[in-house]
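Following this message is one structure expressed as structure tokens.
Along the sequence shown, residues are numbered consecutively beginning with 1.
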Amino acid sequence: MPAPSAEVLEALAGEKILITGAGGSIGSALALRTAALGPRELIVLESSEGKLFALQSSLRKSDPACPTRFVLGSVLDRNLLDEIFDLQRPTVVFHAAACKQVPLLEEQPLAAIETNVFGTQTLTRAAKPHNARVILLSTDKAVEPASVMGATKRVAEQIVLDSGGTVLRLGNVLGSSGSVAEVFVEQIRRGNPLTVTDPASYRYFLTIEEAVDLLLSAFGERVPLELLVPALEVQHSSADLARFMVRALEPGQEPGLAFISARAGDKVAEKLFGAEEEIDAVRASGLRPVLSPKIDAGFLHRTLTQMRQAFDTRDLPGALAALQRLVPDYTPSPALQSLIERAAQRVSL
């Protein structure tokens, strides 16, 4: 992937930058990178006290001169977001806060809806009066989603595009929290077989450094209502990655693989764009615009209101029905369908 241009980095240095989910793997790497650019101000928002403290320590060691505000809180807190925008007035927002663990969220679908959908909606509503530009970190799991995580991230994309922001879809980021590479490292350390869902499992893989570069480059793409993907032409075998990691970390050891059935919400292979989307030519940034069918704004906001009403009453069938209206190509997994049926039975009693 090409590095961000000097012009993009220079432009970022003149901005007040807000990073949500700043304590996560990508968020913290992005914070360290942007601090080194010397922005007018850096505001980092993180809901985990421990992660925020760790980031604070890292930033104060690496770039003590960077004017930085550390905020402990959530993108779900509208009053807090209004305070940030009123007082700090960020001009660019990198929105990395999200729930992302697929199997866990299949058991906790309302948590995925709350953070990924309503958190994004709350953020864009707070940013809009201040004309702050929102750049959403999305995922290839939002394309023709098989999981509630992917479906909620697809709705997050719709919300950001409707607000005039930018969406960047990425593949699997190696080294991020909970990534397959992190799982493999732990299994190698313990001497256990490496678990791969399927011999035919293929993914797009990026490093954290590449993910940060792409986020910074996305800032340089100034066309509004833009959905971007990296120019990754080839997917890689998860099994081949496992074998490579064993040989790199334990030379001479024969890699033992254990093929397991796909978990709830998993797909054998991911896509960066769907059947109803068109992809444009690669730009100098290494990014490709995706032309995605635009959702009607009125329908989007009415359905989000219905989703919120269902969520507030813990009406899982109603919330997921609203989610499917916004993402018609999403079908809940059998495991999640069982949860929906049990929830419907409780409501009818």
Any donor-acceptor pair under 3.5 Å from Thr20 side chain to Ala97 backbone =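 Yes, because the side chain of Thr20 sits within donor-acceptor range (under 3.5 Å) of the backbone of Ala97.
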
Sidechain-backbone polar pair: Asp315 side chain, Gly318 backbone, donor-acceptor under 3.5 Å |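 It does hold such a pair.
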
Leu320 versus Leu323: any side-chain heavy-atom pair under 4.5 Å?
->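 Result yes, sub-4.5 Å side-chain heavy-atom pair found.
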
Measure the shortest side-chain to side-chain distance between Arg69 and Glu41 over non-hydrogen atoms and say whether it is less than 4.5 angstrom.
->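 Of all side-chain heavy-atom pairs linking Glu41 with Arg69, at least one is under 4.5 Å.
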
Which atom names give the shortest non-hydrogen contact between Thr303 and Ala322, and what distance separates them?
->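 Looks like CG2-O, 3.4 Å.
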
Describe, in one word, how the ring planes of Phe85 and His130 are oriented to each other, choosing from parallel (under 30°), tilted (30 to 60°) and perpendicular (over 60°).
->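 Ring orientation, 0 to 90° scale: parallel.
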
Under a 4.5 Å cut-off applied to non-hydrogen side-chain atoms, are Leu326 and Val117 in contact?
->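 SC-SC contact between Leu326 and Val117 ruled out.
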
Return yes if some donor-acceptor pair links the side-chain N/O of Glu157 with the main-chain N/O of Val167 below 3.5 Å, else return no.
->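 Checking the backbone N and O of Val167 against the side chain of Glu157, no donor-acceptor pair under 3.5 Å is found.
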
Can you see which heavy atom on Ile19 is nearest to which on Gly27, and at what distance?
->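 It is CG2-O, 4.1 Å.
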
Under 3.5 Å donor-acceptor, Arg308 side chain and Phe118 backbone |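 Answer holds: no.
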
Any donor-acceptor N/O pair, Asp213 side chain to Ala3 backbone, under 3.5 Å =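 Judged by distance alone, no pair lies under 3.5 Å.
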
So do the side chains of Glu270 and Lys141 get within less than 4.5 Å of each other, counting heavy atoms only?
->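 Yes; the side chains approach each other to less than 4.5 Å.
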
Would one find more than 12 heavy atoms of other residues, nucleotides or ligands at under 6.0 Å from atom CD of Gln337?
->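 Counting other residues, nucleotides and ligands, CD of Gln337 exceeds 12 neighbours.
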
Test item: side-chain donor near acceptor, Gln306 and Arg325, under 3.5 Å =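 On atom types as modelled, these side chains qualify, holding a pair under 3.5 Å.
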
Approximate separation, where rounding is to 0.5 Å, of Leu110 CG and Leu105 CG =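 One gets 11.0 Å once the value is rounded to the nearest 0.5 Å.
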
Distance-only donor-acceptor check, side chains Ser292 and Glu277, under 3.5 Å |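 Distance-only check passes for Ser292 and Glu277.
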
Phe53 atom CZ, over 12 foreign heavy atoms within 6.0 Å =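 Not more than 12 within 6.0 Å, no.
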
Using a distance-only test with no angle check, is there a side-chain donor-acceptor pair under 3.5 angstrom linking Glu221 and Ser285?
->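 A donor-acceptor contact under 3.5 Å links the two side chains.
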
Shortest non-hydrogen separation from Gln324 to Pro332 and the atoms involved =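 So the two residues come closest at NE2-CD, 3.4 Å.
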
Find out whether the Lys NZ or Arg CZ of Arg169 is both under 6.0 angstrom from the six-membered ring centre of Phe273 and within 45° of the ring's axis.
->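 Relative to the ring axis of Phe273, which defines the angle, Arg169 lies outside at least one limit.
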
Just by modelled atom types, is the Val143 backbone N or O under 3.5 Å from a matching donor or acceptor in the Lys153 side chain?
->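 No, because the side chain of Lys153 does not come within donor-acceptor range (under 3.5 Å) of the backbone of Val143.
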
Atom CZ in Phe94, atom OG1 in Thr34: separation rounded to 0.5 Å?
->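 Those atoms lie 7.5 Å apart.
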
With Leu18, which of Val71, Val44, Leu45, Val92 fulfils side chain to side chain contact (heavy atoms under 4.5 Å, CB included)?
->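 The option that passes is Leu45.
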
Is Ser25 close to Ile208 at the side-chain level, that is, under 4.5 Å between some pair of heavy atoms?
->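 Yes. Closest side-chain heavy atoms under 4.5 Å.
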
Does Leu168 reach the side chain of Leu287, with side-chain heavy atoms less than 4.5 Å apart?
->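 Touching, per the 4.5 Å side-chain cut-off.
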
Under 3.5 Å: donor-acceptor pair, side chain of Arg288, backbone of Val229 =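 No; judged by distance alone, with no hydrogens or angles, the pair does not exist.
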
Check whether any side-chain heavy atom of Ser74 lies under 4.5 Å from a side-chain heavy atom of Glu114, and answer yes or no.
->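 The answer is no; the side chains never approach within 4.5 Å.
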
Below 4.5 Å, heavy atoms only, C-beta onward: do Leu206 and Leu214 meet side chain to side chain?
->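 Touching, per the 4.5 Å side-chain cut-off.
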
